[in-house]
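Worksheet for the structure shown next.
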Number of protein chains: 2
Amino acid sequence: MSGSGCRFLRMDRIDQGIIDQLRSNARAGYGDIGQVVGLSASAVKRRVDRLVADGIIRGFTVQVDPKVEGLATEAYVELFCRGTVSPTDLKRILSGVPEIVEAGTVTGEADAIVIMRARDVIALEEALEKVRAASSVDHTRSAIVLSKLVTRVAG
Amino acid sequence: MSGSGCRFLRMDRIDQGIIDQLRSNARAGYGDIGQVVGLSASAVKRRVDRLVADGIIRGFTVQVDPKVEGLATEAYVELFCRGTVSPTDLKRILSGVPEIVEAGTVTGEADAIVIMRARDVIALEEALEKVRAASSVDHTRSAIVLSKLVTRVAG
DNA sequence: CGTGAAATTAGTAGTCT
DNA sequence: AGACTACTAATTTCACG
């Protein structure tokens with residue numbers, strides 16, 4: 001973890017503009033960004049560096065056609081635990097499974113909901129087995145995605 | 001549309017490696033990537049250019065802390081429909097709600113699962129109302145995310 | 001905190017094997 | 001299709017307002 005817990009997040013209008021630019025093209029040059037937000041290249045770089053250091057910007061990634069990625073099979077999995085399990089413990093269990101794209105504790109019947117992505121159903125089942133292997137996990141309820149209806153980029 | 005519909009996607013091991021590198025850091029230099037995958041900078045650039053032109057790489061984005069984005073409240077919503085509803089109809093209904101980040105038809109009890117993100121619980125409820133307003137929607141079952149355990153970027 | 005110039009490094013285009 | 005060279009343009013550092 002790159003230090004500096006979570007101090008209060010201060011971001012002005014310019015930082016917001018820089019992030020907007022980077023969101024539409026993370027490979028944009030600092031000069032190009034500066035021209036839009038009205039700053040010099042070095043000032044933009046300094047701000048971006050700080051946004052990264054503060055954890056506001058978590059990283060720069062590429063959006064890939066899901067069909068190509070070979071991660072065609074997706075599932076939403078409800079997790080039911082035995083007794084009381086702390087979010088910290090859950091985090092440790094789930095972090096070990098790379099197929100897990102997203103997970104969070106939730107309100108309602110289930111203790112957590114997990115989104116998994118794998119090459120095919122077999123790989124998905126194997127990943128699911130790893131989750132179910134944890135002693136604190138009582139059972140799971142899976143819903144495999146048949147067809148994707150909406151796909152907007154997530155933060 | 002930048003031409004050339006979807007011909008069969010040919011990607012070799014090297015392309016995969018380049019994308020892996022770009023995924024962990026979309027701002028990585030061509031030289032750095034080449035050093036990992038075993039190619040020269042210019043060869044890497046040529047491949048990246050083609051991956052973008054072919055639509056395999058859709059773009060380069062930045063991952064931003066959701067708390068900062070003002071989209072702190074997230075929910076997983078199961079959708080139960082009245083009678084039989086085609087995926088196309090569902091897509092039309094859900095596309096109109098901007099708070100919906102992801103959605104897909106699924107196996108199991110529910111007809112579809114929807115992921116929503118909003119500023120707060122009130123905004124979330126309003127968005128949910130828009131979904132429930134559709135005549136083909138019978139009822140929904142929501143699970144509001146309490147704490148995020150895993151957050152890996154999605155394709 | 002932002003600017004501007006200097007030094008460094010990376011991106012780009014052309015050519016050859 | 002990849003490597004190499006030369007050229008251009010960007011990033012990065014630093015002293016200054």
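These numbers come from the heavy atoms of this one structure, side chains and all, not from hydrogens, waters or symmetry mates. Each chain gets a letter, A, B and so on, in the order its sequence line appears, and its residues count up from 1. Remember, it's a predicted structure, so these values are computed and weren't measured experimentally.
- At C:dG11, none of the side-chain N or O atoms of B:Lys45 fall inside 4.0 Å of OP1 or OP2 (strictly under the cut-off).
- With A:Ser136 contributing its side chain and A:Cys81 its backbone, the two residues share no donor-acceptor pair below 3.5 Å.
- A salt bridge links A:Asp89 to A:Arg92: at least one charged side-chain nitrogen sits closer than 4.0 Å to a carboxylate oxygen.
- Contact record, B:Gly104 with A:Val145: CA-CG1, 4.3 Å, taken as the closest heavy-atom pair.
- Between the B:Asp120 side chain and the B:Ile122 main chain, a donor and an acceptor come within less than 3.5 Å of each other.
- Atom pair A:Arg13:CZ and C:dG2:P shows a separation of 16 Å (rounding to whole Å applied).
- Looking at which nucleotide of DNA chain D each of B:Ser40 and A:Ala41 is closest to, the 5′-most match is held by B:Ser40.
- Of the residues near DNA chain C, A:Arg50 and A:Ser42, the one whose nearest nucleotide (by heavy atom distance) lies more toward the 5' end is A:Arg50.
- DNA chain D is contacted by both A:Tyr30 and A:Arg46; A:Tyr30 maps to the nucleotide lying nearer its 5′ end (nearest heavy atom per residue).
- Distance alone, capped at 3.5 Å, places no donor-acceptor pair between the A:Arg132 side chain and the A:Val137 backbone.
- For the pair B:Arg27 CZ and C:dG11 P, the interatomic distance rounds to 10 Å; values are reported in whole Å.
- A 4.0 Å heavy-atom criterion places the boundary nucleotides of DNA chain D facing chain B at D:dA1 to D:dC4, written 5' to 3'.
- For B:Gln16, the CD atom counts as densely surrounded, since its 6.0 Å shell holds more than 12 non-hydrogen atoms of other residues, nucleotides or ligands.
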